There are 2 protein chains.
Amino acid sequence: MELKQLNKSELQIMEYLWKLEKGFMKEIVSQFPEPKPAYTTISTLITRMCAKDYVGFEKLGRDKHYYPILKKNTYFSSQLKSMISHFFNDSTTQFASFFTKETDLTLDELEALQKMVGQQIKDKNTVK
Amino acid sequence: MELKQLNKSELQIMEYLWKLEKGFMKEIVSQFPEPKPAYTTISTLITRMCAKDYVGFEKLGRDKHYYPILKKNTYFSSQLKSMISHFFNDSTTQFASFFTKETDLTLDELEALQKMVGQQIKDKNTVK
DNA sequence: AATAGATTACTACATTTGTAGTACTAAAAC
DNA sequence: GTTTTAGTACTACAAATGTAGTAATCTATT
């Protein structure tokens, strides 16, 4: 399956499904904020997403139990890599710099990050 | 101007304009890979982007000299923040963890990151 | 058993996006 | 000056997306 960019509505529904892991129509609809779109609007969107193999379903009687085919990690990993590749000239270092500056990390967050990176450096050295 | 998600074609053109900084039609068209879309296809896309205030132009005789109104930093900062907010529950730490794992940073990159973070910690402490 | 609610399938239309043609005219090339 | 090329405005259509109605029928409630 070729992974393309999810549009806004698709992303919203995927987000709900990733959280639910699996859900009937009612459960998905209940995730939407008020004013909710019409039942049939959501139904159409989900049907189209099934056709695109983003979402699958298990038929239980008349009803369908929907679940995500597209994995959250897969999608975001690809999103992140696409961002790095397109806008930071494939430089993860440039991206990291941008990230730490733009998100204005707190001292605690920076220290947590430093710890994590330090651990990964240790892991890399151990592997060597 | 409310910042919304650029679609694929818009992003492609913005990318070219950010690189060019300013450019005539010919210069923008020349950025496209072969087989290039029709001249009028690109023209329509740019015209629509002008209407959305992503792109502006300076009229020089008959021709238009296009430039980006939407700043690269503005867009990606907003993209990044949206990603963190929507998929990592507003946790920049979780995102950082995901980032360092998914992009499989080299030892050099990790060390460069550690250095950078260390510097920012120093900066934060100095400010205090 | 009857009624109300829920869900799917089908259908339809508006808007947005992708694509590119023609006409006209300015600018460049000869 | 003439011809060719480039660029804009206008136009148009297909596909994708956003939205939601109706009909039929299953499920839940009474």
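We name chains A, B, ... by the order of the sequence lines, and we start the count at 1 in each one. Side chains included, hydrogens not; waters and symmetry mates left out as well; all remaining heavy atoms used. Please read all numbers here as calculations on a predicted model, not as lab measurements.
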Carefully, step by step, assess B/S77 and B/K81 under the rule side-chain hydrogen bond (donor to acceptor under 3.5 Å, both in side chains). CA-CA 6 Å; B/S77 181; B/K81 282 165 182 165; 3.3 Å; yes
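Atom pair A/I13:CD1 and D/dT17:C1' shows a separation of 12 Å (rounding to whole Å applied). Counting to the nearest Å, the P atom of D/dG18 and the CD1 atom of A/I46 are 13 Å from each other. Rounded to whole Å, the distance from NZ on B/K59 to P on C/dA27 is 10 Å. One interatomic measurement links the two molecules: CG of B/L45 to P of D/dA16, which rounds to 16 Å at whole-angstrom precision. Rounded to whole Å, atom C1' of C/dA6 lies 12 Å from atom OH of A/Y66. Atom pair A/R48:CZ and C/dT11:P shows a separation of 14 Å (rounding to whole Å applied). Rounded to an integer number of Å, the gap from B/N7 CG to D/dG18 C1' is 15 Å. A/E10 places its CD atom 10 Å from the C1' atom of D/dA16, with the value rounded to the nearest Å.
Under 4.0 Å is where a charged nitrogen must lie from a carboxylate oxygen, and between A/R48 and A/E10 no such pair does.
On a pure distance criterion of 3.5 Å, a polar donor-acceptor pair joins the side chain of B/T40 and the base of C/dG21. In terms of polar N and O atoms assigned as donor or acceptor, the side chain of B/S43 never comes within less than 3.5 Å of the base of C/dA20 in a complementary pairing.
No option in A/Y66, A/F76, A/Y67 other than A/F76 meets the ring-ring contact (aromatic ring centres under 6.0 Å, His included) test with A/W18.
A 4.5 Å side-chain heavy-atom check between A/F24 and A/K64 finds every atom pair outside the cut-off. For the pair A/P33 and A/Q12, the minimum side-chain heavy-atom distance is below 4.5 Å. You'll find the side chain of A/M14 stays beyond 4.5 Å of the side chain of A/Y75, heavy atoms only. Counting heavy atoms from C-beta outward, A/M25 and A/I46 have side chains that approach closer than 4.5 Å.
Here A/K122 pairs with nothing under the side-chain hydrogen bond (donor to acceptor under 3.5 Å, both in side chains) rule; sequence neighbours left out.
For DNA chain D, none of the residues of residues 14-36 of chain A falls under the heavy-atom distance limit of 4.0 Å.
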Tabulate atom names and distances for all N/O pairs under 3.5 angstrom spanning the protein and nucleotides 24-30 of chain D.
| residue | atom | partner | partner atom | Å |
| --- | --- | --- | --- | --- |
| D/dC26 | O2 | A/R62 | NH1 | 2.3 |

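Taking the six-membered ring for Trp and thresholds of 30 and 60 degrees, A/F32 and A/Y16 have ring planes more than 60 degrees apart, a perpendicular arrangement.
At the heavy-atom level, B/F57 lies nowhere under 4.0 Å from the strands shown. If you check every strand for non-hydrogen atoms under 4.0 Å, B/T44 touches a base. Contacts of A/S9 with the nucleic acid, taken as non-hydrogen atoms under 4.0 Å apart, involve only primed sugar atoms and P, OP1 or OP2.
Taking CG of B/D63 as the reference point, atom NZ of B/K26 lies at 10.5 Å (rounded to 0.5 Å).
B/T41 has a side-chain polar atom (N or O) that falls below the 4.0 Å cut-off from OP1 or OP2 of C/dA20. At the phosphate of D/dA16, neither OP1 nor OP2 sits under 4.0 Å from any side-chain N or O atom of A/K52. Residue B/K8 has no polar side-chain atom (N or O) positioned under 4.0 Å from OP1 or OP2 of C/dT16.
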